[in-house]
Amino acid sequence: MADAPGSFWMSSGYDLLDRADDGRLLAGADFIRAYLSRPEMLPPDEACAAERRLYADLLQQPLRAVPADELAGLADADARENYNIFLRFRDHLLRAGSVEAAYVGLFRPDAPPVPALFIDHLAATILRDLLDGSRDAFRLRAAELFFRVQKATTQEGRILLADEETVEMLAAGGFGSLGALVAQAGTALRSVDMDILTKENAAEYWGRSDRHDFVLDFGFTRPGQDAFARVIELWVERLAGAAVQVHPVQTIRDERWVWHIGLDATASGIMNALYEGQSVEEDRLRQILALFRLEFRDPSLMLPRVAGRPVYLGLAMDAQGRVRMKPQNLVINLPLNSGS
């Protein structure tokens, strides 16, 4: 078999990570130092001497303790808050023992509050490891849904997902909305380097991965949904310790429907209403973009009352066409038997 095409998602910081004996990812000084290079952490021109000194010290020693009185000595309130956030996140990463444990720990009741940006970054880092060496560009592009907001367009039964930030950047350059681009049968998409991912151009993904400029065809039976299902399997096994099988389905026809997980806030609301037997308007139902059936390979890992039954998953767009996946739901909402 030929070697994998190459590296991808360089912005994830994956190459800066260490690895524990059990294969889990470890955040050391180099990985944490990279957070200091983010624009919001760079001292502005008007920064006080204490802020500049703290920044320089942390670049040299990213793991060093920062006493409360040192933070209090920063003249700018925003700077104090930024460093508080950074240090809170850093200390959580170090205490957790692994990147995976740190991610899961962010959704426990006693978790430190951190920005969604940091949560998404950890998800990207974990997925970068899970997909390392993959030759399937569709899986890599589908995995972007776990940590980047998408903009959905539905036309003539087709569902297309594009990176929202990239769409907004192109729109700011005068290219118009994704909907307008798609309406031109893909020609305009290609003219602004926003190709729909296909088997023919898939090899280009690795060289463009950090541009997030490929559109994913996410319709039923299309490669995007199947790729997304395979990524879910990897994610659940790594973070929940359960081997599962996931398959796209068109509808939920199950008189014994016992468990479901919305992969975003919109899908959760719609699936909860359907499960409770409520009437859901057609316009709202059309917001569901995909449904999946998840089955545990070992039913003994499930809660006894649902053991052996499928778990249904739903992904939806909101009223503005945004898809904001919450991959943590695949961990915290699984019907796991706590005694297993």
Side-chain angles (χ1 to χ4, degrees), residues 107 116 119-120 123-124 126-127 130-131 138-155 157-165 167 178-179 182 196-197 212 214-236 239-240 244-254 257 259-275 280-295 310-335:
F107 306 103
I119 297 172
D120 291 341
I126 295 166
L127 287 160
L130 290 173
L131 294 164
F138 290 94
R139 293 190 188 184
L140 273 57
R141 177 59 184 88
E144 293 181 30
L145 274 69
F146 283 62
F147 59 93
R148 291 185 68 87
V149 180
Q150 305 293 305
K151 194 73 173 178
T153 297
T154 57
Q155 278 196 348
R158 201 175 193 188
I159 300 171
L160 298 178
L161 301 181
D163 187 86
E164 183 183 56
E165 185 176 325
V167 169
L178 176 63
V182 174
I196 297 174
L197 187 64
H212 303 290
F214 269 111
V215 175
L216 184 65
D217 188 341
F218 205 66
F220 187 68
T221 75
R222 304 301 298 162
Q225 278 199 25
D226 182 74
F228 186 69
R230 303 290 79 73
V231 177
I232 290 175
E233 292 172 349
L234 295 171
W235 180 260
V236 171
L239 294 181
V244 297
Q245 293 177 302
V246 181
H247 301 287
V249 295
Q250 280 190 295
T251 58
I252 299 176
R253 299 185 185 278
D254 189 339
W257 175 358
W259 203 277
H260 62 271
I261 299 174
L263 300 181
D264 58 274
T266 302
S268 292
I270 295 173
M271 296 184 81
N272 288 344
L274 292 172
Y275 181 76
V280 180
E281 296 179 354
E282 284 297 322
D283 286 348
R284 193 175 176 212
L285 283 175
R286 280 194 285 270
Q287 290 178 247
I288 293 286
L289 300 176
L291 295 168
F292 301 88
R293 179 186 174 107
L294 179 151
E295 295 173 292
V311 175
Y312 293 102
L313 314 175
L315 184 71
M317 61 180 176
D318 65 18
Q320 290 72 46
R322 298 173 80 243
V323 181
R324 180 67 167 96
M325 185 185 172
K326 299 170 70 175
Q328 65 269 26
N329 289 1
L330 285 164
V331 181
I332 61 178
N333 292 337
L334 275 181

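Looking at heavy atoms from C-beta onward, Arg322 lies in side-chain contact with Lys151 at the 4.5 angstrom threshold. Put simply, the side chain of Met271 reaches to within 4.5 Å of the side chain of Ile252, judged on heavy atoms. Side-chain contact check for Leu315 versus Leu313: every heavy-atom pair is 4.5 Å or farther apart. Counting heavy atoms from C-beta outward, Val215 and Leu161 have side chains that stay 4.5 Å or more apart. A 4.5 Å side-chain heavy-atom check between Phe107 and Ile119 finds at least one atom pair inside the cut-off. The side-chain heavy atoms of Glu165 and Val149, taken from C-beta on, include no pair separated by under 4.5 Å. Two residues are said to be in side-chain contact when any heavy atoms from C-beta on lie closer than 4.5 Å; Asn333 and Val311 fail this criterion.
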Item to check | Steps toward side chain to side chain contact (heavy atoms under 4.5 Å, CB included) verdict (Thr154, Leu289) | outcome: CA-CA 9 Å; Thr154 57; Leu289 300 176; 4.2 Å; yes
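Distance CG/Asp318 to CD/Gln287: 7.0 Å, rounded to 0.5 Å. Separating the CG atom in Leu234 from the CG atom in Leu131 is a distance of 6.0 Å, to the nearest 0.5 Å. Expressed to the nearest 0.5 Å, how far CZ of Phe218 lies from OG1 of Thr153 amounts to 14.0 Å. Atoms CG and CG, on Leu145 and Leu127 in that order, are 10.5 Å from each other to the nearest 0.5 Å. One finds the CG atom of Leu294 at 7.5 Å from the CD1 atom of Ile232 (value rounded to the nearest 0.5 Å). Atom-to-atom distance recorded for Asp264:CG and Met317:CE is 11.0 Å, nearest 0.5 angstrom.
Of all heavy-atom pairs spanning Val167 and Ala162, the tightest one is CG2-CB, 3.7 Å. In this structure, Ala123 and Phe147 approach most closely via the heavy-atom pair CB-CB, 4.2 Å. Considering all non-hydrogen atoms of both residues, Val231 and Ala143 come closest at CG1-CB, 4.0 Å. Counting all heavy atoms, side chain and backbone alike, Ala316 lies closest to Val323 at O-CG1, 3.8 Å. Of all heavy-atom pairs spanning Gly224 and Ala142, the tightest one is O-CB, 4.1 Å. Closest of all the heavy-atom pairs between Arg222 and Asp217 is NE-OD2, 3.0 Å.
Between Tyr312 and Trp257, the ring-plane angle classifies as perpendicular under the 30° and 60° cut-offs.
Remark: of the listed residues Phe220, Phe146, Trp235, Phe146 is the sole one forming a ring-ring contact (aromatic ring centres under 6.0 Å, His included) with Phe228. Test His260, Arg293, Gln245 against Pro310 for side-chain contact (heavy atoms from CB on, under 4.5 Å) and you get one pass: Arg293.
With hydrogens and angles ignored, the 3.5 Å screen pairs no side-chain donor or acceptor of Asn329 with any backbone N or O of Leu263. No donor-acceptor pair under 3.5 Å is formed between the side chain of Arg141 and the backbone N or O of Leu197. Of the possible donor and acceptor atoms, none in the side chain of Glu164 sits under 3.5 Å from a partner among the backbone N and O of Gln150.
Contact check on Arg324 versus Asp120 returns a salt bridge, with a Lys/Arg side-chain nitrogen under 4.0 Å from an Asp/Glu carboxylate oxygen.
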